[in-house]
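Numbering starts at 1 and runs along the sequence shown.
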Amino acid sequence: MAERERRVISLVGGGGKTTTMYALAEIFREEGKKVIVTTSTHLQTPPEEIRARNIEEVRSLWKSDQIAVIGTDCENAKKSETDGQKIAEKSVRKMSIPEPVFLQEVLQEAEVVLIEADGAKHLPCKVPIEKEPVIIPECTDVIAVVGMDALGKPLEEVCFRKDLAVQFLNTSYKHLIAEEDIAKILSSVQGARKGVEDRKYCVVLNKCDDEIRKERAEKIRSLLKEQSIENVMITSYENRQNELKKYFIPA
């Protein structure tokens with residue numbers, strides 16, 4: 001497939017990357033696209049009915065009008081779950097980046113490839129370390145996702161890589177995250193724009209499930225516009241599909 005006909009979209013940040021990725025996969029599937037979901041780092045293993053382990057299984061899923069999720073099986077990981085003050089360890093099956101030959105086969109035939117390109121341990125925001133994110137050369141678009149539930153909470157509770165975040169924002173662990181902090185992370189090449197280069201870049205301000213969060217997200221959108229970042233979506237549980245569709249499948 002010609003390079004211009006294929007979109008390879010990497011998702012970075014925190015606060016709902018995986019949910020956003022699968023929402024996009026469904027939007028593109030409904031448009032009749034051949035859709036792949038994968039990771040360049042790690043991703044929770046999907047249900048078997050959408051998992052593909054070779055190109056023949058990928059084609060079979062596409063033929064039955066489904067997305068295909070690909071990756072290499074990892075050893076079971078441990079996921080921390082907090083219930084009040086009690087922390088339990090739960091075994092979670094994960095996948096890592098597909099084998100190179102398999103990935104290249106898929107890239108030749110897919111029309112949309114969605115890649116989770118870094119992790120955030122289920123926290124709303126993050127500042128990447130040197131080796132993050134993992135953006136493959138074929139990537140055409142980068143989506144940075146941030147959860148608006150980070151606002152007004154201590155940095156140490158809501159930022160993955162909190163030590164880096166303290167340095168990057170030049171503040172303390174107890175600092176309450178404000179709109180300006182989110183905007184700085186999203187607009188900086190040391191933050192969410194790291195590795196974007198000349199690719200298309202857009203932002204998803206996620207978890208705007210009440211009016212206060214929506215208003216605060218609008219302030220972040222204005223701050224980002226000052227940095228020439230125009231493509232900003234404000235999403236909630238109820239409007240996620242519609243907002244993503246407006247940007248990625250324009251009328």
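A cation-pi arrangement is found for Lys184 relative to Phe168, the charged atom lying closer than 6.0 Å to the ring centre and inside a 45° cone about the ring normal.
Val106 and Leu61 are assigned to two separate hydrophobic clusters, defined by single-linkage of ILVMFWY side chains at heavy-atom distances under 4.5 Å. Under the 4.5 Å side-chain heavy-atom criterion for grouping Ile, Leu, Val, Met, Phe, Trp and Tyr, Ile129 is connected to Leu186 within one hydrophobic cluster. Residue Val146 is grouped with residue Val203 when hydrophobic side chains (ILVMFWY) are merged at heavy-atom distances under 4.5 angstrom, including chains of intermediate members. Using a 4.5 Å cut-off between side-chain heavy atoms of Ile, Leu, Val, Met, Phe, Trp and Tyr, with links allowed through other members, Leu164 and Leu169 fall into the same hydrophobic cluster. A chain of hydrophobic side-chain contacts below 4.5 Å, direct or via other Ile, Leu, Val, Met, Phe, Trp or Tyr residues, connects Leu114 to Val204.
Closest approach of Glu179 to Leu151, counting heavy atoms only: N-CD2, 3.6 Å. Across all non-hydrogen atoms, the minimal contact from Thr72 to Ile97 is OG1-O, 2.9 Å. Closest of all the heavy-atom pairs between Pro133 and Val12 is CB-CG1, 3.7 Å. Nearest approach of Ile135 to Gly195, heavy atoms of both residues: CD1-O, 3.7 Å. Contact record, Phe28 with Ile249: CE2-CD1, 3.7 Å, taken as the closest heavy-atom pair. Of all heavy-atom pairs between Ile36 and Ala110, the closest is CG1-CB, 3.9 Å.
No side-chain heavy atom of Lys153 sits less than 4.5 Å from a side-chain heavy atom of Ile177. In this structure, Lys33 and Ile27 have side chains that are not in contact, with every pair of non-hydrogen atoms separated by 4.5 Å or more.
Partners of Ile212 by side-chain contact (heavy atoms from CB on, under 4.5 Å), not counting sequence neighbours, listed by chain and number: Asp210, Arg216. For the side chain to side chain donor-acceptor pair (under 3.5 Å) test, residues two or more places apart in sequence or in another chain that qualify with Asp65 are Arg29. Under the side chain to side chain donor-acceptor pair (under 3.5 Å) criterion, Tyr173 pairs with Asp163, sequence neighbours left out. Scored by the side-chain contact (heavy atoms from CB on, under 4.5 Å) test, Ser172 finds Lys174, His175 as partners (sequence neighbours excluded).
Of the possible polar contacts, none joining the Ser187 side chain to the Gln227 backbone as a donor-acceptor pair under 3.5 Å is found. Panel note: side chain Asn170, backbone Gln167; no donor-acceptor pair is recorded below 3.5 Å. Formation of a donor-acceptor pair under 3.5 Å by the Arg161 side chain with backbone atoms of Pro128 is not found in this model. Formation of a donor-acceptor pair under 3.5 Å by the Lys126 side chain with backbone atoms of Gly119 is found in this model. In terms of modelled atom types and a separation under 3.5 Å, the side chain of Ser236 and the main chain of Lys207 share no donor-acceptor contact. The closest donor-acceptor contact from the side chain of Asn54 to the backbone of Glu57 lies under 3.5 Å. Between the Thr140 side chain and the Val8 main chain, a donor and an acceptor come within less than 3.5 Å of each other. When atom types are taken as modelled, the side chain of Thr45 and the backbone of Arg93 share a donor-acceptor pair closer than 3.5 angstrom. Lys200 places no side-chain N or O within donor-acceptor distance of the main-chain N or O of Ile9, the cut-off being under 3.5 Å. The backbone N or O of Val35 lies less than 3.5 Å from a partner atom in the side chain of Trp62, making a donor-acceptor pair.
Once rounded to the nearest 0.5 Å, the distance linking CE of Met233 with CG of Leu244 reads 6.0 Å. Here the straight-line distance linking atom CD of Glu230 with atom SG of Cys202 works out to 13.0 Å at 0.5 Å rounding. Rounding to the nearest 0.5 angstrom, the gap separating the NZ atom in Lys63 from the CD atom in Glu56 is 13.0 Å. In this structure, the separation between CD on Glu49 and OG on Ser64 is 11.0 Å, given to the nearest 0.5 Å.
Grouped with Phe160 in one hydrophobic cluster are Leu123, the linkage being side-chain heavy-atom contacts under 4.5 Å among Ile, Leu, Val, Met, Phe, Trp and Tyr residues.
The salt bridge (Lys or Arg N to Asp or Glu O under 4.0 Å) pairs that include a residue from residues 237-251 are Glu243-Lys246, where partners are two or more places apart or lie in different chains.
Using a 4.0 Å cut-off between charged nitrogen and carboxylate oxygen, Glu197 and Arg199 count as a salt-bridge pair. With salt bridges taken as basic N to acidic carboxylate O contacts below 4.0 Å, none links Asp118 and Lys131.
Side-chain contact check for Gln104 and Glu99: no donor-acceptor pair (N or O, by modelled atom type) lies under 3.5 Å.
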Legend entry - Pair Gln44-Glu116, side chain to side chain donor-acceptor pair (under 3.5 Å): steps then yes or no: CA-CA 10 Å; Gln44 191 164 331; Glu116 187 162 306; over 6 Å; no
